[in-house]
Amino acid sequence: MKDLLRLRTSLKEEIEIILNAQCKMEAEASQKYLAMASWLDRNGFAKSAEYLYAQAEEERQHFLKIFKYITEVGGTAITPIVGEVPQEYPTFKSVFEAALQSEIAVTNAINKIVAKCREVNDYATEDFMMWYVTEQREEEKNARRALELFDLIDSESPTGKFVLDKEIAKIGEAENE
Ligand code: OFO
C-alpha cells in the first residue's frame, strides 16, 4: 500500500507533455483574443470587441481547466510562457479570419491529444478531453458564423460596419443564453 501511495502519478509522460503544450496553446488563444478585442475597440467596433474580450476570458478558463487537471492526476503543470501575439490587423474582417484560423489549429491539436490518449490507453484523459472536442465544435461554428456575416454585409460602408459590429456581438450573446 505504501508503495502504491508513493506512485506520484499514473499520467504518462508523453500525455503530460502534450497537455502542457495544450495549456500554452489555450493561454496563447486567450492573449490573441485580447489583442483582437483591443484592435476592435480602438477602431470603433465596441460591441464585437466585447464579444472577443469574453472569448479571451473563456480561453483562459480552458487553459486553467487543463492546468488543474494535470495537477489533479499527479503531473506537473507548467506555467506557459506566451510569446508575442499580433496586435495589428489590416481590416475588420481579417480579425475574424485570424480567429477562425486559430480555432481550427486548436481543434487539430485537441484531436491529436485524443488520438494519443487512445494509443496509450489513457481513457481518463480522453474522457476529460471530450469536453474540449464539443467546445471546439461550438467555437468553430461561431467563428465561421462571424465570417459568413462579412459575406452578407458590406464591411466597407459605414452602415455595414455598424450593422456588422452589432450582428457579430449577437453571436456572443446567443452563446451565453
Ligand atoms: Fe477555442 O480554444 Fe479553447 O479549447
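Residue numbers count from 1 along this sequence. Read the numbers this way: they start at 1 and go in the same order the structure lists the ligands and their atoms. All of these numbers come straight from a predicted model, not from anything done at the bench.
D165 places no side-chain N or O within 3.5 Å of a backbone atom of L40 that could act as its donor or acceptor partner. Looking only at distances, a side-chain donor or acceptor of Q87 sits under 3.5 Å from a matching main-chain atom of V85.
Taking the six-membered ring for Trp and the full ring otherwise, F92 and F150 have centroids separated by under 6.0 Å.
Side-chain atoms of H62 and Y132, non-hydrogen and from C-beta on, do get closer than 4.5 Å to each other.
One hydrophobic cluster holds both M129 and I70 under the rule that ILVMFWY side chains link at heavy-atom gaps under 4.5 Å.
Sorted by chain and number, the protein atoms of type N, O or S within less than 2.8 Å of atom 3 (Fe) of ligand 1 are E26 OE1, E59 OE1, H62 ND1.
In summary, the side chains of Y53 and D41 do present a donor paired with an acceptor at a separation below 3.5 Å, with no hydrogens or angles considered.
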